[in-house]
Amino acid sequence: MIARALCAAALLSAAALARAQPYDPAFRWRTIETPHFRVHFHQGEDALAQEVAREAERAHEILTPKLGYAPPGRTEMVLSDDVDDANGSATPLPYNTIRVFAVPPPSQSELQDYRSWVREVVEHEYTHILHLDRVGGLPDAFNAVFGKLWTPNAFLPSLFIEGLAVTNESEGDPTAGRNGSALFDMYARAVALEEPFPRLDQASNQFLEWPTGNVPYLLGGRFMAFLQARFGAEAVAGFSGAQGAAVWPWAPSWTGARWFGGKDFPKLWDEYAKAERAYALGRQDFVRTRPVTTPVRLTRRGGLVETPRFSPDGRFIAYWSRNLDDKPGVRRVALDGRDLGRSAVVDANGTLALRSPREALVAIGEVYREFRVYDDLWLVDLESGARRRLTRGARTSDPDVSADGKTAVYVRRVGPGAMALVRRAVDGGPEEVLFAHGGAQVFMPRVSRDGRVAFELHEGGRRDIAVWQDGRVERVTDDDALDTGPAWTPDGR
């Protein structure tokens, strides 16, 4: 994500800026200075701030020669741990600033394919700085007199801005980041196989069809990688420099033709779309060389439909849904496809488990103490929508419930970037930490009938399935694939 700052934003009064307070006033800030960055962080973030500083200098060393530009001064980086949402932002105005939330991506995120989540977010956001801060020609002369107000690259469609950042968020490694994500690859194949493929003008604006807000990252990242593979990283960097000197920034095809074989962007987009469809058809043919299970569609809501869970009596499936036409929330669907309606409005996070056919344990994100947004566990009555809070400010997610409904197992954020697998009685009592390991992320625990816990373990750049039993953790898988979404068979095997 990037804060798209327009020139008019620079005219905001100092008083208006002073009234903005994005952070908890209880934070006490410190700063790490490196040759090219200042990393600002609050109490409790010392170790993570050191890692961010190292990754920032690493990103500078790798990306500045590739993109052909280095900022003249230090880039300000603000690290905060006050939101249970993996994200970051970057802006060149009024000075180069990157903001990073100290939260690893959740299990079902398109950001899940990473070797280091810190490295990925830093490289993505620093690409924005190297791209948007690059100004030449008349705009540069203007800025020398009036201050930094004119940044022509910022007027490009988000398809180009986010696409370039996605292409570089894993040092250009096609096996990592969103361009290497199996989830994003599936998204792209779905788009390519459901003709017509979006036109460039459609993809360059707010996209109302699936995959909606992911389009700049999904198709933009793959389009920029297509240009880089065909014309070289030097051509992409050259276009960035030329566009940054453009007096009229709304004609990128005129600027880009010099660097991309004399072709305008609509022509290049059409060639990319053909390549994307050919790839999708090839993968489809490969898949069909083996037996393929035929699914039965139960919902047709579109948007996001996530975390499906069978009811204990097997009569329905509960899930969390969000689309553009209705409020997000926990919904139910019968096994014959009948929509049983929405049980409760839940904006986020939406991970859930069913304690009984009538009651769900749901992770819900809400404002906490005015300046923070944390996930907490609630019991939700699926008939009435009534809620009962289980935790407050505990930063809990990915719940599951034991077969007798008495015990909850879930993931808890226990510090900046740190996660633990936790167990407690649903009706109250102390927490028990089952597993926590520095540098490891845990997701989606599932409890067997005999009390074992299967979960996703992301450690050392790999995501595998592990099982906790009587204080011991053993990996069930150990491979390069993203192994996600564990579940137990009824016989516990």
Side-chain angles (χ1 to χ4, degrees), residues 106-110 112 183 186-187 189-191 193-194 208-214 292-366 375 377-388 390 397-405 408-411 426 443-449 454 456 484-490:
S107 171
Q108 299 180 75
S109 169
E110 67 275 6
Q112 65 178 199
L183 185 64
M186 178 271 290
Y187 283 7
R189 296 198 309 273
V191 171
L193 292 173
E194 294 179 2
L208 298 181
E209 303 294 332
W210 182 88
T212 59
N214 265 320
V292 178
T293 300
T294 301
V296 177
R297 175 178 283 191
L298 296 182
T299 69
R300 296 181 179 274
R301 298 192 56 77
L304 289 177
V305 176
E306 297 182 334
T307 63
R309 305 298 297 270
F310 277 103
S311 64
D313 59 9
R315 292 189 300 109
F316 65 87
I317 294 172
Y319 62 94
W320 181 78
S321 173
R322 184 181 72 200
N323 60 31
L324 298 177
D325 302 316
D326 198 4
K327 293 180 179 180
V330 175
R331 303 186 66 92
R332 293 175 297 165
V333 61
L335 300 189
D336 61 5
R338 287 180 295 115
D339 185 2
L340 301 179
R342 185 178 63 224
S343 299
V345 174
V346 175
D347 291 322
N349 139 329
T351 53
L352 61 93
L354 295 183
R355 190 186 190 194
S356 71
R358 174 151 187 160
E359 196 171 45
L361 182 59
V362 185
I364 301 177
E366 293 186 328
D375 294 332
L377 296 182
W378 296 71
L379 282 171
V380 175
D381 188 303
L382 296 176
E383 297 295 334
S384 67
R387 301 182 184 184
R388 178 163 65 89
L390 263 66
S397 183
D398 297 9
D400 198 30
V401 181
S402 60
D404 61 9
V409 177
Y410 50 92
V411 171
V426 173
F443 309 94
M444 293 294 176
R446 294 292 182 262
V447 186
S448 71
R449 290 188 172 273
E456 300 174 18
T484 64
W488 293 94
T489 54

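All values below come from the heavy atoms of this structure, side chains included, with hydrogens, waters and symmetry mates left out. Numbers here are sequence positions counted from 1. As the structure is a computational prediction, the values presented were derived from the model and not from experiment.
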Between the main-chain N or O of G405 and the side-chain N or O of S356, is there a donor-acceptor pair closer than 3.5 Å? no

Side chain of R446, backbone of A487: donor and acceptor closer than 3.5 Å? no

Which is it for D339 and R331 under the side chain to side chain contact (heavy atoms under 4.5 Å, CB included) test, yes or no, and what are the steps along the way? CA-CA 8 Å; D339 185 2; R331 303 186 66 92; 3.1 Å; yes

Qualifying residues under ring-ring contact (aromatic ring centres under 6.0 Å, His included), relative to F316, sequence neighbours excluded: none

Kindly indicate, with the supporting measurements, whether the criterion side chain to side chain contact (heavy atoms under 4.5 Å, CB included) is fulfilled by Q108 and T307. CA-CA 9 Å; Q108 299 180 75; T307 63; 3.0 Å; yes

Is a donor on one side and an acceptor on the other found under 3.5 Å between the side chain of W320 and the backbone of V346? yes

Got L354 and L382 here, is their nearest side-chain heavy-atom distance under 4.5 Å? yes

W210/V191 under side chain to side chain contact (heavy atoms under 4.5 Å, CB included): CA gap, chis, key distance, verdict: CA-CA 8 Å; W210 182 88; V191 171; 3.8 Å; yes

Least distance between heavy atoms, V447 atom then V401 atom: CB-O, 4.4 Å

Are a donor atom and an acceptor atom from the side chains of D375 and S397 found within less than 3.5 Å of each other? no

Rounded to the nearest 0.5 Å, what's the gap from CZ on R332 to CD on E383? Could you check? 4.5 Å

Within the side chain of E456, is there an N or O that forms a donor-acceptor pair under 3.5 Å with the backbone of G485? yes

Separation between OG1 of T212 and CG of N323, rounded to the nearest 0.5 Å: 10.0 Å

Going by atom type alone, with no hydrogens or angles, which donor-acceptor pairs under 3.5 Å involve a side-chain atom of residues 297-304 and a protein atom two or more places apart or on another chain?
from, atom 1, to, atom 2, distance (Å)
R301, NE, S321, OG, 3.4
R301, NH2, D326, OD2, 3.3

Taking all heavy atoms of Q112 and all of P106, pick out the closest pair and write down the distance. CB-O, 4.2 Å

Tell me whether R387 at atom CZ has more than 12 heavy atoms from other residues, nucleotides or ligands lying less than 6.0 Å away. yes

